[in-house]
Amino acid sequence: MAVYVDDMRAKFGTMVMCHMLADTDAELHAMADTIGVARKWWQSPAKTSGSHYDIALSKKALALAAGAVQITWRQAGAMNAHRRATGQLGAPEASLLWHEERLRARSLATRVAI
């Protein structure tokens with residue numbers, strides 16, 4: 001089980017934000033508590049592409065110091081897609097490979113149908 005932070009750098013007011021996601025919501029919320037991120041900032045799966053927090057880079061540094069794993073923005077997106085399809089977040093590199101294969105299969109199916 002793990003908590004992940006990605007390398008996204010999105011401006012939000014005066015802050016620069018990234019994503020924090022985890023294998024389970026319990027782990028995600030525990031890390032948010034550890035680094036001082038209020039539960040009201042949780043992005044629930046009902047409202048977004050998957051359970052996560054958008055956190056400032058200062059909180060990212062705290063999360064990494066507390067044991068979070070650094071991933072890429074592409075890995076985070078692939079992991080969320082994997083979770084939506086299978087119910088499991090999946091490992092960063094494996095999820096990225098799974099997502100790329102899924103996109104190739106869709107592209108091939110579209111070409112065959114035309």
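None of these values were measured; they are calculated from a predicted model.
Take Ser44 and apply the side-chain contact (heavy atoms from CB on, under 4.5 Å) test, not counting sequence neighbours, and it matches Trp42, Ala46, Lys47. With sequence neighbours left out, the side-chain contact (heavy atoms from CB on, under 4.5 Å) criterion links Ala38 to Lys40, Trp41. Residues satisfying the side-chain contact (heavy atoms from CB on, under 4.5 Å) criterion with Ala32, sequence neighbours excluded, are Met20, Val37, Tyr53. Every residue two or more places apart in sequence or in another chain that forms a side-chain contact (heavy atoms from CB on, under 4.5 Å) with Gln43 is listed here: Thr48, His52, Asp54.
One distance of note links CE of Met8 with CE of Met17; it measures 7.5 Å at 0.5 Å rounding. The line from CG of Leu89 to CE of Met79 is 4.0 Å long, rounded to the nearest 0.5 Å.
Across every non-hydrogen atom of Ala81 and His99, the tightest pair is CB-ND1, 3.7 Å. Across all non-hydrogen atoms, the minimal contact from Glu27 to Val3 is O-CG2, 3.8 Å. Residues Trp98 and Ala78 approach most closely at CZ3-O, 4.3 Å, considering heavy atoms. Between Arg83 and Gly50, the shortest heavy-atom distance links the atoms NH2-C, 4.3 Å. Taking both residues in full, the closest heavy atoms of Asp7 and Trp73 are given as OD1-N, 2.6 Å, listed atom of the first, atom of the second, then distance.
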Solution key, residues 55-68 side-chain donor-acceptor pairs under 3.5 Å, sequence neighbours excluded:
unit_1 : atom_1 : unit_2 : atom_2 : d
Lys59  : NZ     : Ile35  : O      : 3.0
Lys60  : NZ     : Asp6   : O      : 3.1
Lys60  : NZ     : Gln70  : OE1    : 3.2

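Side-chain N or O atoms of Thr34 include one that pairs as donor or acceptor with a backbone N or O of Ala30 at under 3.5 Å. Proximity of a side-chain donor or acceptor of Ser51 to a complementary backbone N or O of Thr24 within less than 3.5 Å is not detected.
Counting only residues at least two apart or on different chains, the salt bridge (charged side-chain N to carboxylate O under 4.0 Å, His left out) pairs with a member in residues 97-109 are Arg74-Glu100, Glu101-Arg104.
The closest side-chain heavy-atom distance from Val16 to Lys11 is below 4.5 Å.
Around atom CZ of Arg84, more than 12 heavy atoms belonging to other residues, nucleotides or ligands sit under 6.0 Å away.
Transitive grouping of hydrophobic side chains (ILVMFWY, heavy atoms separated by less than 4.5 Å) brings Val5 and Met31 into a common cluster.
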